Every structure is written in structure tokens, then in C-alpha cells.
Student: 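I have a structure I would like to understand better, so I am pasting it below and will then ask my questions one at a time.
Values below: all heavy atoms of this structure, side chains included; hydrogens, waters and symmetry mates excluded. Keep in mind the model is a prediction, meaning the values are calculated, not measured. Just so we're on the same page: letters track the sequence lines, and every chain starts at 1.
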Amino acid sequence: MARPDLQLSHLQHEKIEGHDATSRICLALAHVPPGRVVTYGGLAELAGLPRAARLVGQTLRKLPKDTKLPWHRVVNAQGRISIPEPGYQRQKRRLEDEGITLVRGKVDLERFRWQP
DNA sequence: ATATTGACGAGTG
DNA sequence: GCACTCGCCAATA
């Protein structure tokens, strides 16, 4: 992995192709707008890596704590937060701060899923 | 080079 | 809804 955490300013107009898996995932993630969410599998597809949902999880897991990337906008296919405490609370808080509410522990994907 | 490991997902009972 | 299995795939060990 050449670049574990790319800076947003460097991502904006960069092409997806030609990067390693980690970079492509970060690039795709940087495009997910506030107030919307994507699933791990969905992000993998956006990154051009179909069926690499687990790789997305593995990649997000090691992002630096102070990353500017919207890691919190990624939930699992059931709309549930997929990380253990204390991360769970951190992510939930961040989502709610963007107006994304969790009903019975789940995000309503019908309403908040982002589709470019 | 082989085996294990998941912030996963779809299918089944 | 819950528990389990199986397939997936790159990173790690």
C-alpha cells in the first residue's frame, strides 16, 4: 500500500485507475458526500474492486485516527455499524451529526444510501 | 509458498 | 430476527 491515507485536496480530480487497492478505496471514499452512506461492498464497487468488501474493511480499519476521510459513512449491507466499541459510538455520533439517524441500530439505506 | 485473518455479504433454516 | 455456512480476496503471519 503506497498511500495509507491520501489527503482530500490531492484526491479531488485524480483518476481512479492506476492506483493500488488501498489508494483506490481511499479515493472512492473521499467522494462520498456528507449525509449519505455506502456499504463496504458498495464502496468496493465504486473503487473498481467488486467483491472486495472485506478488503475495504481491512483498509478502513488501519486509517490513522486523525484521517480527514469520511470513514464513518461506511456501514454494512444491513445498514448496521460494523465496528466494535469504542469505535461504534464514535461512528454513530458522527453519523448523527450529519443527520443520519439510526433506527433500532440501523441506518435506513433506502433513504441514506449514496448512489452517484 | 501456505495458512490464517477479518470494520463483508448472500443464502439457508 | 438470529445463528451458521460458504465464498470472497488482499494483507499478514
Student: Rounded to the nearest 0.5 Å, what's the gap from CZ on A:R24 to CG on A:L49? Could you check?
Tutor: 5.0 Å

Student: Mind calculating the distance between CG (A:L109) and P (B:dA10) to the nearest angstrom?
Tutor: 11 Å

Student: Send over the distance from A:W71 CH2 to B:dC8 P, rounded to a whole Å.
Tutor: 14 Å

Student: I need the OH-P distance between A:Y40 and C:dC9, as an integer number of Å.
Tutor: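 Value for this atom pair: 19 Å.
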
Student: Does a sphere of radius 6.0 Å around CD in A:E85 hold more than 12 heavy atoms from other residues, nucleotides or ligands, not counting ones at 6.0 Å or beyond?
Tutor: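 Atom CD in A:E85 is packed in, count exceeds 12.
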
Student: Taking only distance into account, with no hydrogens and no angle test, what donor-acceptor pairs under 3.5 Å do side-chain atoms of residues 93-100 of chain A form with protein atoms, sequence neighbours excluded?
Tutor:
residue, atom, partner, partner atom, Å
A:E98, OE1, A:G35, N, 3.0
A:E98, OE1, A:R73, NE, 3.0
A:E98, OE2, A:H72, NE2, 2.9
A:E98, OE2, A:R73, NE, 3.1
A:E98, OE2, A:R73, NH2, 2.6

Student: Report the distance from atom CZ of A:F112 to atom CG of A:L102, rounding to the nearest 0.5 Å.
Tutor: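 With rounding to 0.5 Å, CZ (A:F112) is 9.0 Å from CG (A:L102).
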
Student: Looking at OG1 of A:T39 and CZ of A:R80, how far apart are the two atoms once the value is rounded to the nearest 0.5 Å?
Tutor: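 That separation rounds to 15.0 Å.
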
Student: Between protein and nucleotides 4-6 of chain B, what N or O pairs are separated by less than 3.5 Å?
Tutor:
residue, atom, partner, partner atom, Å
B:dG6, N9, A:R54, NH2, 3.4
B:dG6, N7, A:R54, NH2, 3.2

Student: According to a strict under-4.0 Å criterion, is A:K62 in side-chain N/O contact with OP1 or OP2 of B:dA7?
Tutor: no

Student: Would you give the length of the straight line joining atom CG of A:L27 to atom CG of A:L46, rounded to the nearest 0.5 angstrom?
Tutor: 11.5 Å

Student: Has the side chain of A:R36 got a donor or acceptor atom that lies under 3.5 Å from a matching backbone atom of A:R113?
Tutor: yes

Student: Can you tell me how far the CG atom of A:L63 sits from the CG atom of A:L69, to the nearest 0.5 Å?
Tutor: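 These two atoms lie 6.0 Å from each other.
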
Student: C:dA11 P sits how many Å from A:I25 CD1, rounded?
Tutor: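 Rounded to whole Å, this separation is 9 Å.
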
Student: Strictly below 4.0 Å, heavy-atom distances to any atom of DNA chain B: list the hits from residues 76-104 of chain A, or just say none.
Tutor: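 Those residues are A:N76, A:A77, A:S82, A:I83.
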
